[in-house]
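Quick note: numbers below take in every heavy atom, side chains included, and nothing from hydrogens, waters or symmetry partners. Protein chains get the first letters and strands the later ones, always in sequence-line order, with residue 1 at the start of each.
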Number of protein chains: 2
Amino acid sequence: MTKAQETRQRIISTTMDLLMQQGYHATGLNQIVQESNAPKGSLYFHFPKGKEEIVAEALNLAGEWTCSHVAEALQAHDSVADAVAAITLSFAHLLEEDNYGKSCALLTVAQEVGDDDVLLRKALDEGFAGWYQLFVDMFVKAQFPQQAAERWADLTLSAIEGAQALARGQRSVRPLENTAAMLRLLIGNAQQMYDMNQG
Amino acid sequence: MTKAQETRQRIISTTMDLLMQQGYHATGLNQIVQESNAPKGSLYFHFPKGKEEIVAEALNLAGEWTCSHVAEALQAHDSVADAVAAITLSFAHLLEEDNYGKSCALLTVAQEVGDDDVLLRKALDEGFAGWYQLFVDMFVKAQFPQQAAERWADLTLSAIEGAQALARGQRSVRPLENTAAMLRLLIGNAQQMYDMNQG
DNA sequence: GTCTATATGAGGATAGAC
DNA sequence: GTCTATCCTCATATAGAC
């Protein structure tokens with residue numbers, strides 16, 4: 001990777017971090033430049049479309065990061081129920097580490113953008129769609145029928161994202177822990193049922 | 001209500017609306033003044049602490065609004081399962097009406113504030129805590145044991161908030177509809193179980 | 001590719017007349 | 001209580017030298 005590419009990547013990952021903490025509008029270009037130790041003069045060389053382009057790239061990074069995070073958890077656990085619980089709890093650890101000041105970048109930005117921010121809308125749509133598909137596939141592989149897999153995917157994803165928001169709002173891991181426990185229990189029950197029908 | 005109080009209330013409810021659309025940092029005082037048809041000169045008479053005070057009041061209003069919304073749904077439906085599904089779907093209608101440009105004010109603001117915004121942190125904490133307690137009580141009244149009620153409350157609340165975020169990000173009511181269907185099914189099953197143990 | 005300097009506008013907040 | 005005018009800071013973005 002050339003030096004220029006390194007700078008580019010450092011800007012993007014710093015931006016992702018700031019988005020998780022403050023969201024879109026509170027994150028300024030000056031702050032991005034400072035915290036990434038990037039040369040300010042070359043910002044518009046690397047990202048000709050300005051702030052929106054930087055943030056869109058940061059959202060893509062957040063999407064990829066989460067996808068690999070989920071994939072890891074699936075490999076590390078025998079059951080879907082355990083994997084989902086582990087994923088949910090990992091966000092609890094993330095929040096505790098950062099004093100309840102971070103949540104998923106797509107979650108923060110999604111609440112701020114309007115119709116005009118075309119680049120961001122696209123990045124958000126693709127990011128969420130990617131996660132949804134990942135979860136649907138996970139449930140399908142675990143023998144859930146297609147419609148059930150889709151519904152479980154939405155419920156699971158919604159609960160994980162929402163629990164992050166609640167945990168951050170209340171500065172407590174309780175919502176994430178309770179959500180993790182419930183998801184493990186309920187997904188486990190459903191799994192048993194589908195296994196019996198199968199076998 | 002005096003004219004001054006009316007102005008005050010109009011500012012607060014306009015702010016709540018803007019928070020739902022854009023969040024905290026994107027909402028400016030000028031915009032609040034314009035859209036509420038309030039006199040700019042009296043902003044700091046009504047709210048001496050400035051923007052943070054206005055937003056804190058708007059968050060309180062959002063909290064109260066949702067509480068009464070939930071209470072209504074509970075009265076209108078026989079079972080907790082149906083009430084929860086109805087509440088979830090009502091957010092789908094809200095989103096469709098406004099072209100997927102609105103979500104819960106506490107949800108949007110919670111993703112943007114840091115440690116310094118003391119007033120906002122307090123308003124968020126109280127708002128979320130109020131909802132949580134409301135849901136816990138609901139499940140307890142429906143014969144759920146205390147710990148189960150707490151866990152179901154967090155899962156339900158998380159799922160509803162998260163589904164709003166996903167729906168907004170993907171501009172689709174699918175996450176809300178799937179989440180509503182799942183919550184109705186799962187809460188219904190749990191209810192049956194606890195009813196049997198009871199009777 | 002990176003620098004400095006700057007254009008241009010919007011943000012929140014305040015002062016003082018009425 | 002409401003008005004106008006204004007201050008100060010910060011934002012994004014651009015221009016032009018190197």
Side-chain angles (χ1 to χ4, degrees), chain A residues 1-19 21-59 108-109 112-114 116-121 123, chain B residues 1-19 21-59 108-109 112-114 116-121 123:
Chain A
M1 188 149 50
T2 72
K3 205 172 194 175
Q5 285 171 323
E6 276 178 28
T7 298
R8 205 186 128 88
Q9 276 311 114
R10 212 167 54 244
I11 290 173
I12 292 174
S13 73
T14 300
T15 302
M16 184 184 78
D17 225 59
L18 291 171
L19 292 178
Q21 296 173 43
Q22 314 167 331
Y24 178 48
H25 285 98
T27 299
L29 295 182
N30 292 326
Q31 197 183 8
I32 293 174
V33 166
Q34 274 192 330
E35 301 209 7
S36 62
N37 289 317
K40 171 151 191 180
S42 59
L43 248 192
Y44 283 83
F45 167 80
H46 292 295
F47 306 94
K49 291 183 199 154
K51 183 180 182 182
E52 210 180 332
E53 184 177 359
I54 299 178
V55 172
E57 295 284 354
L59 292 179
T108 66
V109 178
E112 297 184 66
V113 302
D116 305 336
D117 312 288
V118 184
L119 274 180
L120 297 186
R121 288 238 66 97
Chain B
M1 189 149 49
T2 71
K3 205 172 193 173
Q5 285 172 323
E6 277 177 28
T7 298
R8 205 186 129 87
Q9 275 311 114
R10 213 167 54 245
I11 290 174
I12 293 173
S13 73
T14 301
T15 302
M16 183 184 79
D17 226 60
L18 291 171
L19 292 177
Q21 295 172 47
Q22 312 167 332
Y24 178 48
H25 285 98
T27 298
L29 294 182
N30 292 324
Q31 195 183 8
I32 292 174
V33 166
Q34 276 192 330
E35 300 208 9
S36 62
N37 289 317
K40 172 152 191 180
S42 59
L43 248 192
Y44 283 83
F45 168 79
H46 293 295
F47 307 93
K49 292 184 199 152
K51 184 180 180 182
E52 210 178 334
E53 184 177 358
I54 301 178
V55 172
E57 294 284 355
L59 292 179
T108 66
V109 178
E112 296 184 66
V113 301
D116 305 336
D117 312 288
V118 184
L119 274 179
L120 297 185
R121 289 239 66 97

Taking distance alone, no hydrogens or angles, what donor-acceptor pairs closer than 3.5 Å link side-chain atoms of residues 39-46 of chain A to residues at least two apart or in another chain?
from	atom 1	to	atom 2	distance (Å)
A:Lys40	NZ	A:Asn30	OD1	2.5
A:Ser42	OG	A:Pro39	O	3.1

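- Although no hydrogens or angles enter the test, the distance criterion places no donor-acceptor pair under 3.5 Å between the side chain of B:Ser36 and the main chain of B:Thr14.
- Straight-line distance from the CG atom of B:Asn37 to the C1' atom of D:dT2: 15 Å, rounded to whole Å.
- Taking atom NE2 of residue A:His46 and atom P of nucleotide C:dG1, one finds them 7 Å apart after rounding to whole Å.
- The shortest distance between the side-chain N/O atoms of A:Ser42 and the OP1/OP2 oxygens of C:dT2 is below 4.0 Å.
- In this entry the distance linking CZ of A:Phe45 with P of C:dG1 reads 5 Å, nearest Å.
- Protein atom CD of B:Glu53 is 15 Å distant from nucleotide atom P of C:dG12, rounded to whole Å.
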Handout entry: Stepwise side-chain contact (heavy atoms from CB on, under 4.5 Å) test for A:Glu52 and A:Phe47
Key = CA-CA 9 Å; A:Glu52 210 180 332; A:Phe47 306 94; over 6 Å; no

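- No donor-acceptor pair under 3.5 Å is formed between the side chain of B:Gln9 and the backbone N or O of B:Glu6.
- With sequence neighbours left out, B:Thr15 forms a side chain to side chain donor-acceptor pair (under 3.5 Å) with no residue at all.
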Practice task
Give the B/S/- string for nucleotides 11-18 of chain D, one per nucleotide from 5' to 3', where a protein heavy atom under 4.0 Å of the base yields B, of only the sugar-phosphate yields S, and otherwise -.
Solution key: SBBB----

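- A straight line from CD1 of B:Ile32 to C1' of C:dG11 spans 12 Å, rounded to a whole angstrom.
- A side-chain donor-acceptor contact under 3.5 Å links A:Glu112 to the backbone of A:Tyr24.
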